[in-house]
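Convention: sequence-line order gives letters A, B, ...; per-chain numbering from 1. The analysis underlying the following values was restricted to heavy atoms, covering all of them including side chains, and did not include hydrogens, waters or symmetry mates.
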Amino acid sequence: MVGRWRPSTIIGPPRRSPFLHTPPSCFTSPPTLPCMIRTRFAPSPTGYLHIGGARTALFNWLFARHHGGRFVLRIEDTDAARNTAEADAAIVEGLRWLGLDWDEGPDAGGSYGPYRQSERRDIYDKWFEKLREAGRVYEDNGTWRFAFERRAVTVEDLVAGPVTMDYADESNTPDMVVRRRDGSYIFHFVNVVDDLEMNISHVIRGDDHLSNTHKHVQLFEALGAAPPAFAHIPLILNAEGGKMSKRDRGASLDTYHREGFVPDGVVNFLALLGWSPKDDTEVFSRDELARRFSLDGVARHAATFDLAKCRWFSGRHLHQMEPGALAEAAAPHVAAAGVPAPAPDVTERVYSLLREKAQTLSELPPLVALFTQDDLSPDAAALEKASHNPTFADTAAALRGALERIDEQEWGGERIQAAIADVAAALSTKPGKLMFPLRLLATGKTGGPDLLPLLEILGRHRACDRLARMETSLVSQP
RNA sequence: GACCUCUUCGUCUAGUGGUUAGGACUCCGCCCUUUCACGGCGGCAACACGGGUUCGAAUCCCGUAGAGGUCGCCA
């Protein structure tokens, strides 16, 4: 495809063509080596990391990692009025939680810093002077406007393809303010200067910047630089098909953190929201995504956010977690729910039993409670099941009696199973028929982890104690 | 309003002139099972609309409608 960027073909100096932007240039030498891919995520700290921003960051990260390039974090905090340190932290925390590590940034250093726009004033002044010397800006009521070339400009977008804007039509494209009365600079200018100064090779950003790109290309040209390659990724829409706003559930990334979504699952979900591997594979690790990611697979159309599917991806990744890692990840949620953590010696067993029962970490506390809380009371469904079983009282008594007769030293899955078989024989029924009543007695729930291992982990004393208490609650029903 | 972009099951998507339009989530049914899940099998469900081009169009062209974006001393 014309204008598509091919690493192997980029070997000489940048091509200069003021009105047809052909991406990208390779600034580095020696020219025989493929040029360094450098992408950046440039959020404005507004108090939270938006789900769309998170995906933009992800795509930039995936592209850089795929090509062995560098991923840069740059904070666009030129609007002092609404930027705060806390807002700054929210973005960093969000990216860390997703596992998107950056090679250069405010806290990571790098040779293109500083990485906060509020600290780059001198750099902007320098480039603005260059613009003035070139006669491309003029003063207007105290501000400084950039004079566009009044011609058609075509951007070869790596996702959208060629997009032409006719700058001869001034009504749509008035010369833009680049410098405010107070001497500060506006977004378009600082954004271009920073991408230029930081040697960004590929600008991967939201579709909402597609129309801005023609302005940026003109700015790059006026600054005497070859523009980077551009790739505009489609926006994320809310469940109603409208633009995702901060009011929408799930718009802020920390929601997923708080609600116990597994970060790998969220990454997987986000990657497939607008990008396709072009086959039927759905579940990817972060590394697999990086290996397979390509701008060719990025869709042109916006995608509607579906929380249920995100939950499913979380579940798929949760099911694959090692019990120890799962325990660690679940611990804060378990603690927050006021549920005691399992004893260290049984932690891995507990979590390997619970692993496939949950899709998110926040579903785990009530399941962990089955192992660590003895003052459980039967839920409504359990009460109903027991009350509808005319022989429940007899069965319960027999089961409790049989388990109580097991010697402390012999307590274990096999011995319990034998006891159940004895009761089954005495009651002329099948052992399998007794499992459900026993579950009701042991947990007060109609569902849950494997019963025998659960009883084994509980130990004879706690198990029998529960049986007795639960029998009272379940049998004394009207 | 002008300009730019988009439009395949409810949702995420595959599909680049010839397919029974495929997969996934959700939902429903069955199987597995000591329960709940997991898993397996099956089902419901889509080419926005109208014109062309073509032997043949989801795929190419034109138009219409709808949606989104840009047009700020916000980013």
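Here the side chain of A/R181 is nearest to one of B/rA75, B/rC73, B/rC4, namely B/rC73. With B/rA2, B/rA75, B/rC12 as the choices, the nucleotide that has an atom nearest any side-chain atom of A/H209 turns out to be B/rA75. Of the candidates B/rC12, B/rC73, B/rA14, the closest approach to any side-chain atom of A/K278 belongs to B/rA14.
Taking a pair to require two hydrogen-bonding distances under 3.5 Å in either a Watson-Crick or a G-U wobble arrangement, B/rA21 remains unpaired. Base pairing annotation: B/rG29 forms a Watson-Crick or G-U wobble pair with B/rC41, both donor-acceptor distances under 3.5 Å. B/rG72: no Watson-Crick or G-U partner with both key distances under 3.5 Å is found in any strand. For B/rU7, the paired base is B/rA65 (Watson-Crick or G-U wobble, both distances below 3.5 Å).
Atom CG of A/D208 and atom P of B/rC71 are 10 Å apart (whole Å). For the pair A/F187 CZ and B/rA75 C1', the interatomic distance rounds to 6 Å; values are reported in whole Å. Atom NE2 of A/H301 is separated from atom P of B/rA48 by 12 Å (rounded to the nearest Å). Computed from coordinates, the A/F230 CZ to B/rU70 P distance equals 16 Å when rounded to whole Å. Regarding A/F146, its CZ atom lies at a distance of 16 Å from the P atom of B/rC71, rounded to whole Å. One can place CZ of A/R300 at 13 Å from P of B/rA14, the figure rounded to the nearest angstrom. Rounded to whole Å, the distance from CG on A/L326 to P on B/rA37 is 19 Å. The nearest whole Å value for the distance from the CZ atom in A/F148 to the C1' atom in B/rC71 is 10 Å.
In this pair, A/Y256 and A/F261 present their aromatic rings perpendicular. The plane angle is above 60°, beyond the 30 to 60° band. Aromatic ring pairs are classed by plane angle as parallel below 30°, tilted from 30° to 60° and perpendicular above 60°; the pair A/F293 and A/W275 is tilted. The aromatic rings of A/F148 and A/F146 stand perpendicular to each other, their planes meeting at an angle above 60°, with 30° marking the opposite boundary. Using a 30° and 60° split on the angle between ring planes, A/F269 and A/F305 fall in the perpendicular class, above 60°.
In summary, the side chains of A/R469 and A/S377 do not present any donor paired with an acceptor at a separation below 3.5 Å, with no hydrogens or angles considered.
Separating the P atom of B/rC49 from that of B/rU54 is a span of 23 Å, rounded to the nearest Å. Spacing of C1' atoms, B/rG15 relative to B/rA58, comes out at 8 Å, to the nearest Å. Nucleotides B/rU13 and B/rA48 are separated by 15 Å at their P atoms, to the nearest Å. For B/rA57 and B/rG18, the C1' atoms lie 9 Å apart once the distance is rounded to whole Å. To the nearest whole angstrom, the two C1' atoms, one in B/rG50 and one in B/rA45, are 25 Å apart. Comparing the P positions of B/rG23 and B/rG42 gives a spacing of 9 Å, expressed to the nearest Å. Rounded to whole Å, the C1' atom of B/rU53 lies 13 Å from the corresponding atom of B/rU59. One P atom belongs to B/rG43, the other to B/rG51, and the distance between them is 34 Å to the nearest Å.
Contact between the side-chain N/O atoms of A/R180 and the OP1/OP2 oxygens of B/rA75 is found at a separation under 4.0 Å. At B/rC12, one or more side-chain N or O atoms of A/T304 fall inside 4.0 Å of OP1 or OP2 (strictly under the cut-off).
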Margin query: Each nucleotide in nucleotides 19-36 of chain B should get exactly one letter: B, S or -. Can you fill that in based on protein heavy atoms under 4.0 Å?
Written below: ----BBB--------BBB

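Heavy atoms from other residues, nucleotides or ligands lying under 6.0 Å from CD of A/E139 number more than 12. Summarising the local packing, NZ of A/K126 is surrounded by more than 12 heavy atoms from other residues, nucleotides or ligands at distances under 6.0 Å.
Between A/N212 and A/H216, some side-chain heavy-atom pair lies under the 4.5 Å cut-off.
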